[in-house]
Amino acid sequence: MVKEVVKVGMLGLGTVGSGVYKILQSNASLIARKTGARIEVVKVLVRDTSKNRGLDIPEGILTDNPDDVLKDESVDIVVEVMGGIGKARDYALAALQQGKSLVTANKDMMAVYGEELFMAASENRCDLMFEASVAGGIPIIKVLKQSLAANRIEQVMGIVNGTTNYMLTRMTLDGSEFKDVLAEAQARGYAEADPTNDIEGFDAARKIAILASIVFNTRISLDKVYVEGITRISAEDIKYACELGYVVKLLGIAKDTSNGIEVRVHPVLLPETHPLAAVNDVFNAVFVKGDAVGETMFYGRGAGELPTASAVTADIMDAARNILHRVQGIVGCTCFEERPLKPMGDVRTRNYLRLRVVDKPGVLAQIALIFGENQVSLATVFQKETVEGKAELVLVTHEVAEKNLKQALQGIEQLPVVEEVCNAIRVEDQS
Ligand code: NAP
Ligand code: HSE
């Protein structure tokens with residue numbers, strides 16, 4: 001018998017969950033026609049069932065007992081939008097073990113427990129979909145797993161954290177300092193009270209770990225991702241970068257190079273002509289280069305109620321279609337290889353450096369000697385403002401291995417004429 005209704009149990013009804021509920025209600029008939037059946041939310045797990053949610057929810061749907069969702073045999077699809085990695089992982093596993101398809105927006109859970117969840121999905125022949133976990137409303141997971149599947153992906157570079165992109169945009173356009181834009185981002189509700197995950201790059205690291213695992217067909221665990229946040233970026237760095245024709249962006253980078261794969265998150269100087277350079281404010285974008293398709297870019301809102309819910313709801317529709325056609329689990333885990341990661345010390349980039357030094361003859365020669373001893377070749381050197389006898393030097397290196405640059409900077413920091421190595425930012429110029 002053909003199913004006329006596909007039943008959904010939700011875990012969570014906060015920002016994303018409410019958005020999903022609203023879309024399923026407001027676009028119900030369109031969704032039913034596109035899917036081939038009505039999608040009905042039959043149970044929703046929340047912490048506080050008495051909270052006023054401003055939603056039209058029938059009596060008896062809300063529950064604070066997870067079993068009401070997970071053990072309800074009528075539930076076909078479980079939608080995990082509660083967040084966290086403890087209970088969320090337990091409930092997600094339980095849902096899959098009951099043969100229910102799982103849709104999640106949870107990057108933290110996918111980055112840490114993706115392998116375990118995929119195994120459970122495969123053993124129980126059900127779907128595990130997680131489009132909203134990376135870059136919110138931007139379709140990128142399905143793009144990489146399916147639409148670009150015929151390509152050998154050479155690189156993925158993404159602005160996948162809206163908070164830091166907003167902050168860097170304001171610093172660029174207004175010349176503001178880091179601490180001021182952080183306060184502004186918090187006041188606007190972009191950055192959380194504890195902004196560590198965003199500004200230290202951890203949020204972006206989870207997202208690039210997920211994307212890299214898909215494109216390189218190998219499991220990239222979170223601890224393998226090199227992570228550096230934006231806390232050291234100053235208004236001067238942004239101004240000098242701009243003078244050199246670059247913008248500063250926090251990127252998640254996954255590259256397949258001739259001597260291994262690189263997966264890293266850090267601020268970069270990006271040529272102002274690069275497509276990602278024009279992605280401003282809270283917007284996200286993912287730039288993908290495949291051997292057949294060439295360069296492509298996917299742009300949109302990486303967070304927020306309805307953009308994120310747009311991706312979750314489309315996953316629900318996909319999972320529902322698969323249930324209707326009895327083809328659950330046809331696109332499973334794509335990590336079928338084991339590929340080692342290149343050590344960060346071997347990663348080669350150009351670099352922007354800002355140093356504060358004593359302003360007197362011979363200083364540059366001492367610095368250049370140490371660079372030379374460590375095979376660091378300089379492309380440009382500028383002397384900026386001199387304040388109280390201290391000059392600011394801005395240098396750009398030619399491409400050099402990370403380990404050589406680190407060693408050179410350690411030596412330079414020891415020079416009595418060098419007051420401070422203020423910053424070193426990688427330059428990402430090859431597309
Ligand atoms: P949220 O607003 O904090 O909502 C969480 C919901 O889950 C609430 O309804 C809460 O119940 C419920 N919940 C949490 N822990 C629970 C527990 N132990 N038992 C029962 N219910 C529990 O979170 P969100 O912003 O919607 O985020 C949800 C997920 O989507 C996260 O994984 C997040 O990373 C991901 N995501 C969010 C965005 C975004 O823009 N917000 C974007 C992309 C991905 P109460 O309502 O009763 O408190
Ligand atoms: N905190 C994230 C951001 C959104 O600023 O992009 C959730 O992934």
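Just follow the structure's listing: the first ligand is 1, and inside any ligand the first atom is 1. In what follows, every heavy atom counts, from backbone to side chain, and hydrogens, waters and symmetry copies are set aside.
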So which protein heavy atom does atom 1 (N) of ligand 2 come closest to, and at what separation?
Asp198 OD1, 3.0 Å
Can you list the ligand 1 atoms lying under 4.0 Å from a non-hydrogen atom of Leu13?
6 (C), 8 (C), 9 (O)
Distance filter under 4.0 Å to Lys107 heavy atoms, resulting ligand 2 atoms:
7 (C), 8 (O)
Under a 4.0 angstrom heavy-atom cut-off, which atoms of ligand 1 come close to Asp48?
47 (O)
Out of Leu45, Val16, Val69, who is nearest to atom 27 (O) of ligand 1 when you count heavy atoms only?
Val16
Does Lys207 reach ligand 2 with a nitrogen or oxygen that is under 3.5 Å from one of the ligand's nitrogen or oxygen atoms?
yes
Would you say ligand 2 has an N or O under 3.5 Å from any N or O of Asn284?
no
Could you work out, for atom 46 (O) of ligand 1, the closest of Met110, Met10, Arg53, Arg47 by heavy-atom distance?
Arg53
Indicate whether atom 3 (O) of ligand 1 is within a distance of less than 4.0 angstrom of some protein heavy atom.
no
For a salt bridge (charged side-chain N to carboxylate O under 4.0 Å, His left out) check, start with the C-alpha distance between Glu399 and Arg348, then their side-chain angles and the critical distance, and finish with the verdict.
CA-CA 6 Å; Glu399 197 180 279; Arg348 296 180 65 84; 3.2 Å; yes
Minimum-distance protein heavy atom relative to atom 5 (O) of ligand 2
Thr163 OG1, 2.5 Å
Need the ligand 1 atom indices (1-based, order shown) with element for anything under 4.0 Å from a heavy-atom of Lys107.
34 (O)
Is the closest heavy atom of Glu192 to ligand 2 under 4.0 Å?
no
Between ligand 1 and Met109, can you find any atom pair, the residue atom being a heavy atom, that is separated by under 4.0 Å?
no
Under 4.0 Å and counting heavy atoms only, is there anything from the protein next to atom 21 (N) of ligand 1?
yes
Going by the order shown, which atoms of ligand 2 are within less than 4.0 Å of some heavy atom of Asp203?
2 (C), 8 (O)
Can you list the atoms of ligand 2 that are under 4.0 Å from a heavy atom of Ala303?
4 (C)
Contact region, Thr308 to ligand 1, non-hydrogen atoms below 4.0 Å, reads side chain
Heavy-atom pairs closer than 4.0 Å: do any link ligand 1 to the side chain of Lys87, the backbone, both, or neither?
side chain
Can you list the ligand 1 atoms lying under 4.0 Å from a non-hydrogen atom of Ala132?
43 (C), 44 (C)
Nearest non-hydrogen contact to atom 6 (O) of ligand 2 from the set Gly83, Ser133, Ala132, Gly162 belongs to Gly162
